[in-house]
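Accompanying notes for the structure given below.
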There are 2 protein chains.
Amino acid sequence: MTTAEDTTPTADADRDRPAGSAEYAHTAGWVASVLRARIAAGDLTPGTKLSEQTLSTSLGVSRNTLREAFSALAGESVITRIPNRGVFVASPGIEEVREIYRVRRAIEPAAVLWGELSAEALESMESIVQRALTARDDGAVADMADANQALHSSVVDLTGSSSLRVLMDRVLAEMRLVFHAMTSAPDFHAHFVERNVRLVERLRAGDRLAAAEGLRAYLDDAETELVRRIST
Amino acid sequence: MTTAEDTTPTADADRDRPAGSAEYAHTAGWVASVLRARIAAGDLTPGTKLSEQTLSTSLGVSRNTLREAFSALAGESVITRIPNRGVFVASPGIEEVREIYRVRRAIEPAAVLWGELSAEALESMESIVQRALTARDDGAVADMADANQALHSSVVDLTGSSSLRVLMDRVLAEMRLVFHAMTSAPDFHAHFVERNVRLVERLRAGDRLAAAEGLRAYLDDAETELVRRIST
DNA sequence: CTCACCGGAATTGTTGAACAATTCCCTGCC
DNA sequence: GGCAGGGAATTGTTCAACAATTCCGGTGAG
């Protein structure tokens, strides 16, 4: 089992804690954001154990404060808590992937079909698609993945709902965990850039029902593709 | 400002804490569930301050453990945390109500349109509608409200997604807070029982698009009605 | 050699006390 | 009545301790 201290053998205590003492409030929130970022960046890979002792000294906070941060992160299902065993970076399996796509197949087409489709939103989406296209042609895999996720985020934003945005962010974070858990996630997104283009085209044309149905088919295919890659 | 201790002047320490010492694990989780239940039951009304000192002694847990529970509840937006001021039972206003209906207008029609509509699910929904009807005729307002909420929960369940179920439960809990904040929530649900009947009828008939659109109109009306009641 | 068992060491779960920083609230002054 | 000042209460955070549990290495039996 991997442990967090493996990646940082030397303790980097107090790494840029918010200001000397003025930004006093909410250390726990700061800790949670740091851990969230490290996990999202792949610095902490799925399954890694987060030892209370090690992390608290490494971050320069007390064990109690760290536990408070853990409580918040557990609610976001970013980490998994096993009683008396400790907390681990969540490592999503096939069932989690299916759940991810259940959520996406519900809220993304709903946003496409019923969201408020302003001109700015449409232009923003078109520029994002363009970014994905150039990234693909340049072979910039990470940029392409980012652009793809950004597109689907802005799709959900069509609903205007912050809660759905939060849920989508959580889901995309979990997706990133899935990719981190795979030994290599090469060109998963490449197959889907074209379909994103078509999605935006249909939206531009005002054919929202076709856009929604196409998006559902897109998500179906992405799910089976991802499940296939995990299973093998 | 109301405070929690007003409702329980005499400290009821250790009120049915899970077993003598065997169910040791997860005191914080237990505390969170207790608070969640008390808030949902209207025992703790919106705006009530939750004092750390009072609550920790009243529940027989340490202040640190209580804070851990607070972290979890804040993530569910059941409580509001104001730095250096304390935590309060969330008191949703108009903007929160609008957000609630943004979420519902997205995920409920999506479930109706694209969810897996099994025979059992349909029968369950029909029995729930029946329950709401008899409750309305008996003047059992609380039962009717419960049945209505149960119906919409089972609508979301058509997606098969636990995350969406959790989100819906959170939203309905917030709705209950809205009602608790109103001096009296008399027959808000009565207007909508008929429309629930029609919703299920359309589902039974297999006309999912009409069901989805009807549900969206339903939610629009419910939102404006609720906003109107709050504003006055 | 494998495996079950056992005891110490490490880790988690939880508590209580302490202290700085902030906010609350009451009092006295104009 | 309004306003400044100054304890008192409350929050934010840390530290040290302890029970309960799990982990880990060795030991002995088969």
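Every chain is numbered from 1 and lettered A, B, ... according to where its sequence line falls, protein lines coming before strand lines.
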Can you give me the N/O atom pairs linking the protein to nucleotides 24-26 of chain C at distances under 3.5 Å, or say none if there are none?
residue: C:dC24; atom: OP1; partner: B:Arg85; partner atom: NE; Å: 2.4
residue: C:dC24; atom: OP1; partner: B:Arg85; partner atom: NH2; Å: 3.0

Rounded off to whole Å, could you give me the CZ-to-C1' distance for the A:Arg67 and D:dA16 pair?
-> 16 Å
Between C:dT11 atom P and A:Glu52 atom CD, what is the distance in whole Å?
-> 10 Å
Which ring-ring contact (aromatic ring centres under 6.0 Å, His included) pairs, counting each pair once, include a residue from residues 144-176 of chain B, with sequence neighbours left out?
-> B:His152-B:Tyr218
Rounded off to whole Å, could you give me the CD-to-C1' distance for the A:Glu68 and D:dG12 pair?
-> 9 Å
Please confirm whether any donor atom in the side chain of A:Arg63 sits under 3.5 Å from an acceptor in the base of C:dT14, or the reverse.
-> yes
Could you state the CZ-P distance from A:Arg81 to C:dG13, rounded to the nearest angstrom?
-> 6 Å
OP1 or OP2 of C:dT14 sitting under 4.0 Å from any side-chain N/O of B:Thr27?
-> yes
What's the CG-C1' distance between A:Asn64 and D:dA17, to the nearest Å?
-> 12 Å
Salt bridge or not for A:Glu76 and A:Arg81, using N-O below 4.0 Å?
-> no
Closest listed nucleotide, where the reference is the side chain of A:Asn84 and the choices are C:dT23, D:dT13, D:dT21 = D:dT21
For the residue pair B:Ser77 and B:Glu174, confirm or rule out a side-chain donor-acceptor distance under 3.5 Å.
-> no
B:Tyr101: what forms a ring-ring contact (aromatic ring centres under 6.0 Å, His included) with it, not counting sequence neighbours?
-> none
